[in-house]
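These figures come from a predicted structure and were not determined experimentally. Excluded from the calculations below are hydrogen atoms, water molecules and symmetry mates; all remaining heavy atoms, backbone and side chain alike, are included. To find a chain, count down the sequence lines: A is the first, B the second, and so on, and within it residues start at 1.
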Number of protein chains: 4
Amino acid sequence: MPRTSEQFKEVREKSKEHIIKTALYLFAERGFYSTSISMIAKEAGIAKGALYHYFDSKEDLLKAIIEMGMGKMGHAMEVLFSNVAPMEKLEGMVRTTVALIEDDPLTWKLMIALTMQQHPSETMKEIVAPLEKKGTEFFFQMFKDLNIPHPEEEGYVLAAILDGLAMHLIFKGEDHYPVERVVNHVLDRYRSMVKK
Amino acid sequence: MPRTSEQFKEVREKSKEHIIKTALYLFAERGFYSTSISMIAKEAGIAKGALYHYFDSKEDLLKAIIEMGMGKMGHAMEVLFSNVAPMEKLEGMVRTTVALIEDDPLTWKLMIALTMQQHPSETMKEIVAPLEKKGTEFFFQMFKDLNIPHPEEEGYVLAAILDGLAMHLIFKGEDHYPVERVVNHVLDRYRSMVKK
Amino acid sequence: MPRTSEQFKEVREKSKEHIIKTALYLFAERGFYSTSISMIAKEAGIAKGALYHYFDSKEDLLKAIIEMGMGKMGHAMEVLFSNVAPMEKLEGMVRTTVALIEDDPLTWKLMIALTMQQHPSETMKEIVAPLEKKGTEFFFQMFKDLNIPHPEEEGYVLAAILDGLAMHLIFKGEDHYPVERVVNHVLDRYRSMVKK
Amino acid sequence: MPRTSEQFKEVREKSKEHIIKTALYLFAERGFYSTSISMIAKEAGIAKGALYHYFDSKEDLLKAIIEMGMGKMGHAMEVLFSNVAPMEKLEGMVRTTVALIEDDPLTWKLMIALTMQQHPSETMKEIVAPLEKKGTEFFFQMFKDLNIPHPEEEGYVLAAILDGLAMHLIFKGEDHYPVERVVNHVLDRYRSMVKK
DNA sequence: CATGAATGAGATTTCATTCAT
DNA sequence: CATGAATGAAATCTCATTCAT
C-alpha cells in the first residue's frame, strides 16, 4: 500500500528540518568549512546520500539554513516598522533583537560568522547589506522623530551598540552576559535624552 | 663567519614577513579555508616548498599572522594603561582602536573573522578572551574614576560600541563610514556626562 | 480467475513497453551512462521502485531494449534470406536496412553507440559479431550469384557502405541526408555491373 | 639544488604524455564512463592526485586526448588539400585515412565511440561536424574534377565507404580485416570509372 | 635553501538499488 | 504492485604536506 503523497510530504519535511537543525548546530559550533557532510550525516543519524535528497549541495544546505533564519527575523522585525510611538519603536527594536538572539543563538552565531568571513556565496551579502542600510535609515528617522540632537550620528552609535551587544551576547552566552542590565541602561539613556 | 649568519637571518626574516603579508591579504579577503597554500605561494612569487621552510604548516602561518597583529595592538594599548587622566584614557582608547584599524584593516578583518568562526586552533580564543576581560575591567575602572553613574553597565555599552564600530568600519571601509563624526559624537557624550 | 491473471499480464506488458520506450529515448539521446534510473522513472511518470518490478537492473532494462530492437530487425531480415532473385536480394537488403533505420532511428542510434563504446555487458558483442559475419557471407554469396567480379571485396565494400550510410543517416537525420538519392545511386551501380 | 625550469618542463611533459597514453588506452578499451580516475592512476603507476596536476578534470583529460589525436590527423590531411592531381588526391585520401588508423587505432576507436554516444561535452561535435562538411565538399569537387557522373552522390558513397571501412578496421583489427584488398578494390573501381 | 612534482587522506557528490509503508 | 525515502559503495576532486633533485 503506497503512502499518500501527504504522508510523504510530511516525512520529507521532518527529515529536512532534522538535517537543517543538525547542520545549523554543527556549522555554528565548528564553522562551515570545518564541518563535513559526513559529520552532519553521522550526527543526524542518516547516510550521507540521504542528505542529497534534500539539498543539492553543502552550499544549498547552508542557504536553506540562512533562509530559515532570515524568515524568522524578517517576521519579527516587520512589527517594528508599523505605527507605534517612536520611543516604543526604539525599545521594540532593541528588545526584539535580544529576544531573537536568545531564542535562536545558533542561527545568529552562524549568520555573524558567515558575514565576517568572506564566504564565496553571495547569499549573506545580498541579505545583510540591504538589511543594514534599512536599519540605519530607520534609526535615523526614529531619532529625528524623538527630537534627539545629532540623529544621524546617534543612529550609527545605536547600530554599533546593537551589533556589539549581539556579538557579546552570542559568544559569551546569556549566562555570562548581563543583557538585561545593559539593555535597560541603554534604553534609560535614550529616555533621559527625550525627557529633557 | 657570524656576519654571514646574521645576514641569513635578516634575509630569512624578510622572506617570512613577505609571506605573512601575502597570506594576511588573502586570508582576510578570501577567508582562511578558501585560501590554499598554492595561492599564497603563487601570490608571493615563491614555490610551495619554500613556504614550508619558514612555517611548519598553514596553521603555523596563521599563528604567526595573529601574533604579529597582536604585537602591534598590544604595544599601542600599553600606552593607555599608563598614568594619564581618565578622560584622556577614554579618548585614547577609542581613538587608538580606530587608528589601529585604519592603519591595518586586513589584520583586524581576519582577526574578527577568526573569532567569529569557531576556528579549531585555540589561538584566537586564548588571545581574545583575556583581552576582552581586561578591557571590560579597564572600562569599569575608568568610568568609576570619571564618576559616571552605572559604571559597569556603561563599560559594557562602550565595549559594544567599540566592537560594533570596528565591525562597521572594517566591513564598510573608511570611505563609506563616517568614523570621525561617530567617534566625536561618542566622546562628546561622555564629556557631557562628566561635566555634569 | 484466469481472466484476471491474463489481464494482469497484459497490463504488465504495457507498462514494460512504456518503460522500454522511455528508456530507449533517453539512452539514445543522452547516452546510457548519462541517463539515470531517476530520469527514466520521472520521464515515464512512474516511481523509481516500480521500475524494479519490471526490470532487475539498469543493465537488464538495456538488455530488454536491445532484444526488442533485434527482434524487429531479425524479422525484417529473415525475408531476405528466402528464395528471391539475387538482385532483388541486394535491393531488399539495402532498402530494408534504410527502412528499418527510418522506422526506428532511436534503437539504431543506441545500438551503434553501444557497439562502439566498449560496453561491459556482453550483449552487444554476442549479438553483433555473428550478425556481421553472417552478413558478410551473405554478401559474398550474393555477388557470386550475380557474377560480379571480386565478389569478396565487393562484399566488404557493400558492408562498409551500408554501415557508413547507416551512421550518416542516423546522426544527421533523414531531413539532412539525401538517403533516397544515395541508395538509388548505389543500386544503379550494381545494376550496371550486372548488365555488362 | 633546484632543477632548472627546463628540467621541470621536461618531466612535466613526460608525465603528461604518459597519463594521456594510459588514459587513451583505457578509454578506448573500456569506454570513457567505465574507466575511473583511480583505474587510470593505478595503470599509470601514479597517485590519483597527480593526475589533477596535469588535467583539471576527467573531462579535461579527455579533451587533451582528443586534441592530440586531432592534431595528428589534421596535419596528415592538410597534405591532401594541396595541389595534386585529382586521382592522386582520391588515392591519398583513402590511403591516408587507413594509414592513420593503423598507426593509432586507439585514438580512432575512442573518437568514433565518443561521436556515436551523446557525450555531453561539445568537443566532439564541434570538431567532427565541420570536418565532415569539409570532407563531403572535398569529395564532391574531386569527383567533378574527375568527370565522374553523379559526383555528389558518389561523394556521399565514398564518405560512407570510408567511415564504414574505418569502423570495420578499428573494431576487427587489421589482422582480421583485409584492408589492403578492400582499399585496392575501391580505388580500382574509381580508376576504371575515370578511364572510360 | 628552492623547486614543483607527487602523495594520500579526506571531502563532496552521484546513483543503482533496497525497503518500510 | 506503487511509492519515494534511504542506503552505501564508489566516483570525482581538493589540497596540505613531503621529497627527490
Side-chain angles (χ1 to χ4, degrees), chain A residues 1-5 7-12 14-16 33-41 45-61, chain B residues 8 11-12 15 33-42 46-61, chain C residues 8 11-12 15 33-42 46-61, chain D residues 1-5 7-12 14-16 33-41 45-61:
Chain A
M1 215 190 313
R3 265 179 272 200
T4 65
S5 73
Q7 280 173 315
F8 272 127
K9 211 172 181 177
E10 208 176 310
V11 169
R12 201 180 162 78
K14 273 234 171 82
S15 294
K16 217 171 162 172
Y33 288 108
S34 304
T35 303
S36 73
I37 291 287
S38 293
M39 274 179 208
I40 300 171
I46 58 168
K48 254 184 303 183
L51 216 145
Y52 285 88
H53 281 299
Y54 301 102
F55 308 97
D56 289 344
S57 64
K58 198 183 172 184
E59 205 66 40
D60 189 47
L61 171 55
Chain B
F8 265 146
V11 169
R12 193 183 164 78
S15 295
Y33 288 107
S34 303
T35 303
S36 70
I37 291 287
S38 292
M39 271 180 212
I40 300 170
K42 187 176 284 174
I46 58 166
K48 250 186 304 183
L51 210 146
Y52 281 86
H53 285 301
Y54 299 104
F55 305 95
D56 289 345
S57 65
K58 197 183 175 185
E59 207 65 41
D60 189 46
L61 172 55
Chain C
F8 266 145
V11 169
R12 193 183 163 78
S15 295
Y33 289 105
S34 304
T35 303
S36 71
I37 291 286
S38 291
M39 271 179 211
I40 301 171
K42 186 176 284 175
I46 58 166
K48 252 187 300 184
L51 210 148
Y52 281 86
H53 286 301
Y54 300 104
F55 306 95
D56 289 345
S57 64
K58 197 183 174 184
E59 207 65 41
D60 188 48
L61 172 55
Chain D
M1 215 191 315
R3 267 179 269 201
T4 65
S5 75
Q7 280 173 316
F8 272 127
K9 210 172 181 177
E10 208 177 308
V11 169
R12 200 178 163 79
K14 272 235 171 80
S15 293
K16 216 170 163 174
Y33 288 109
S34 304
T35 303
S36 72
I37 292 287
S38 293
M39 274 178 206
I40 300 171
I46 56 167
K48 253 183 304 182
L51 217 144
Y52 285 90
H53 281 299
Y54 300 103
F55 307 97
D56 289 344
S57 64
K58 198 182 171 184
E59 205 66 40
D60 188 47
L61 170 56

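In this structure, His53(A) and Arg12(A) approach most closely via the heavy-atom pair O-NH2, 3.0 Å. Closest approach of Ala47(A) to Ala41(A), counting heavy atoms only: C-CB, 4.0 Å.
Toward the 5' end of DNA chain E, the nearer of the two residues Tyr33(C) and Ser15(B), judged by each one's closest nucleotide, is Ser15(B). Along DNA chain F, the nucleotide nearest Ser38(B) and the nucleotide nearest Lys48(A) are compared for position; the residue whose nucleotide lies closer to the 5' end is Lys48(A). For Gly45(D) and Ser36(C), each mapped to the nucleotide of DNA chain E holding its nearest heavy atom, the one lying further toward the 5' end belongs to Gly45(D).
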- Item | Secondary structure of DNA chain F in dot-bracket form (Watson-Crick or G-U wobble, distances below 3.5 Å, | marking inter-strand pairs) | .||||||||||||||||||||

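Applying the side chain to side chain contact (heavy atoms under 4.5 Å, CB included) rule to Thr35(B) yields the partners Leu26(B), Phe27(B), Arg30(B), Met39(B), Ile40(B); only residues at least two apart in sequence or on another chain are considered. By the side chain to side chain contact (heavy atoms under 4.5 Å, CB included) test, Asp60(D) is found to be paired with Phe55(D), Asp56(D), Ser57(D), residues two or more places apart in sequence or in another chain being considered. Taking Ser34(B) as the reference, Tyr33(A) meet the side chain to side chain donor-acceptor pair (under 3.5 Å) condition, with sequence neighbours excluded. When the side chain to side chain donor-acceptor pair (under 3.5 Å) test is applied to Glu10(A), no partner is found at least two apart in sequence or on another chain.
Taking the P atoms as reference points, dC1(E) lies 23 Å from dT21(F), given to the whole Å.
For the pair Glu59(B) CD and dC15(F) C1', the interatomic distance rounds to 14 Å; values are reported in whole Å. In this structure, Met39(A) places its CE atom 10 Å from C1' of dA11(E), rounding to the nearest Å. Between Lys14(D) atom NZ and dG4(E) atom C1' there is a gap of 17 Å when expressed in whole angstrom units. Look at CZ on Phe8(D): it is 4 Å from C1' on dG4(E), rounded to the nearest Å. Taking atom CD of residue Glu10(D) and atom P of nucleotide dA5(E), one finds them 13 Å apart after rounding to whole Å. To the nearest angstrom, P of dC15(F) lies 12 Å from NZ of Lys42(B). Following rounding to the nearest Å, Leu61(D) (CG) and dC13(F) (P) show an atom-to-atom distance of 10 Å. Going from atom CD1 of Ile40(C) over to atom P of dC15(E) covers 12 Å, rounded to whole Å.
Looking at heavy-atom distances under 4.0 Å, Ile37(B) makes contact with a base.
A distance of 10.0 Å separates NZ of Lys16(A) from CG of Leu61(A), quoted to the nearest 0.5 Å. Rounded to the nearest 0.5 angstrom, Lys42(B) NZ and Lys48(B) NZ are separated by 9.5 Å. Annotation: the span from Lys58(A) atom NZ to Ile37(A) atom CD1 amounts to 6.0 Å, rounded to 0.5 Å.
Residues from residues 50-58 of chain C lying near DNA chain E, meaning a heavy-atom separation below 4.0 Å, are Tyr52(C), Ser57(C), Lys58(C) in numerical order.
Between Arg12(C) and the phosphate of dC1(F), there is a side-chain N or O to OP1/OP2 separation shorter than 4.0 Å.
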